[in-house]
Amino acid sequence: NAGVTQTPKFRILKIGQSMTLQCTQDMNHNYMYWYRQDPGMGLKLIYYSVGAGITDKGEVPNGYNVSRSTTEDFPLRLELAAPSQTSVYFCASSLDRGHTEAFFGQGTRLTVV
Amino acid sequence: AQRVTQPEKLLSVFKGAPVELKCNYSYSGSPELFWYVQYSRQRLQLLLRHISRESIKGFTADLNKGETSFHLKKPFAQEEDSAMYYCALRTGGTSYGKLTFGQGTILTVHP
């Protein structure tokens, strides 16, 4: 049982490039989330999904896109990378809403230069 | 809109001293509140949730709906408690399942 797996762990992008951050979970969780963690700013919700085929915007969705074609996978797409997107990105999943625990991936450290 | 505020970015205490990490929330519905912890080089993980009314690693948190607070407390801090702590709120209604975090508090416990 791997839990939540994110790839890659580290990435350096040039301004204007695009990339996809991968997130997969093997716990059959319905809910999945993408956050970015900036120093002193805490965790900001980018997008979330309550099930396959359903996604919704969080607090800071601009510059990102997501899809949820399967229960297991929730990739985050960056189009036209900008220095402001330099951050640590975390994916998380939970079985349901309510009081259930969210499980986190190990994070992806992205630098845009 | 829902919001979670942790007013202290940094908190330092000495070993054996009491510690309180503050969390205030803004939400018109019935809140579901959590504390998550991130130890150095580890994944973010659940510490406790308000519905369980449990004590984990000596930490407790009580939901005060009148003051819209969910402060985390421990009577005697230990060096191994040093970590980043996040308060989180899960909402219902039209944005059901949305999980919002505060800015986080870095706790340092000195020997």
Side-chain angles (χ1 to χ4, degrees), chain A residues 1-6 9-10 23 25 27 29-52 54-61 66 68 71 74 87-109, chain B residues 1-10 21-27 29-54 56 61 63 70 84-106:
Chain A
N1 190 339
V4 179
T5 302
Q6 291 181 235
K9 290 185 179 179
F10 304 94
C23 176
Q25 51 90 11
M27 298 173 283
H29 284 176
N30 293 316
Y31 288 71
M32 295 189 75
Y33 309 85
W34 273 107
Y35 296 89
R36 57 178 289 171
Q37 183 184 45
D38 300 313
M41 302 298 290
L43 288 168
K44 295 287 189 182
L45 182 63
I46 305 171
Y47 272 95
Y48 67 109
S49 169
V50 301
I54 306 170
T55 62
D56 206 349
K57 296 178 180 178
E59 303 168 78
V60 290
V66 294
R68 185 92 182 274
T71 299
F74 191 41
S87 188
V88 180
Y89 292 84
F90 289 97
C91 178
S93 73
S94 64
L95 178 61
D96 204 342
R97 60 188 180 103
H99 308 286
T100 56
E101 177 179 358
F103 293 85
F104 281 79
Q106 77 277 27
T108 296
R109 185 174 295 276
Chain B
Q2 62 278 354
R3 183 179 297 161
V4 179
T5 302
Q6 293 178 249
E8 304 135 331
K9 288 186 178 180
L10 302 169
L21 289 80
K22 291 185 167 53
C23 172
N24 289 93
Y25 67 91
S26 172
Y27 179 53
S30 183
E32 297 163 358
L33 289 153
F34 308 82
W35 276 98
Y36 281 80
V37 60
Q38 188 176 27
Y39 300 105
S40 179
R41 296 187 178 85
Q42 293 188 27
R43 300 184 185 209
L44 199 66
Q45 58 187 283
L46 178 68
L47 180 62
L48 53 79
R49 67 197 92 187
H50 91 267
I51 195 66
S52 303
R53 302 183 68 82
E54 58 202 342
I56 303 293
L63 175 60
F70 188 56
M84 168 78 90
Y85 291 81
Y86 287 100
C87 183
L89 166 69
R90 180 175 274 137
T91 59
T94 56
S95 58
Y96 67 94
K98 189 175 182 179
L99 185 61
T100 302
F101 285 78
Q103 302 92 320
T105 298
I106 299 174

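Here the structure is a predicted model, which is why all the values come from computation and not from measurement. Each chain gets a letter, A, B and so on, in the order its sequence line appears, and its residues count up from 1.
- For a residue to count as touching a neighbouring chain, one of its non-hydrogen atoms must lie under 4.5 Å from one of that chain's; by this rule A:L43 touches chain B with backbone and side chain alike.
- Neither the backbone nor the side chain of A:A92 comes within contact range of chain B; no heavy atoms are under 4.5 Å apart.
- Expressed to the nearest 0.5 Å, how far OH of A:Y31 lies from CG of B:L99 amounts to 11.0 Å.
- Residues forming a side-chain contact (heavy atoms from CB on, under 4.5 Å) with A:S87 (at least two apart in sequence, or on another chain): A:R36, A:D38, A:Y89.
- Rounded to the nearest 0.5 angstrom, B:Q38 CD and A:Q37 CD are separated by 5.0 Å.
- Of the inter-residue distances, the one linking B:T100 atom OG1 with A:Y35 atom OH reads 6.5 Å to the nearest 0.5 angstrom.
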Verdict with reasoning, A:D56 to B:K98, per side-chain contact (heavy atoms from CB on, under 4.5 Å): CA-CA 9 Å; A:D56 206 349; B:K98 189 175 182 179; over 6 Å; no
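- From A:K44, atom NZ reaches atom CD of B:Q103 across 6.5 Å, with rounding to the nearest 0.5 Å.
- Among A:G105, A:G58, A:G107, the residue with the largest count of heavy-atom pairs under 4.5 Å with chain B is A:G105.
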Report the C-alpha separation of A:F90 and B:L44 in whole Å, then their side-chain angles, then the decisive distance to 0.1 Å, and conclude whether the side-chain contact (heavy atoms from CB on, under 4.5 Å) test is met. CA-CA 9 Å; A:F90 289 97; B:L44 199 66; 5.7 Å; no
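- Interatomic distance, A:E59 CD to B:Q2 CD, rounded to the nearest 0.5 Å: 7.5 Å.
- The nearest pair of heavy atoms linking A:V4 to B:R43 is O-NH1, 2.8 Å.
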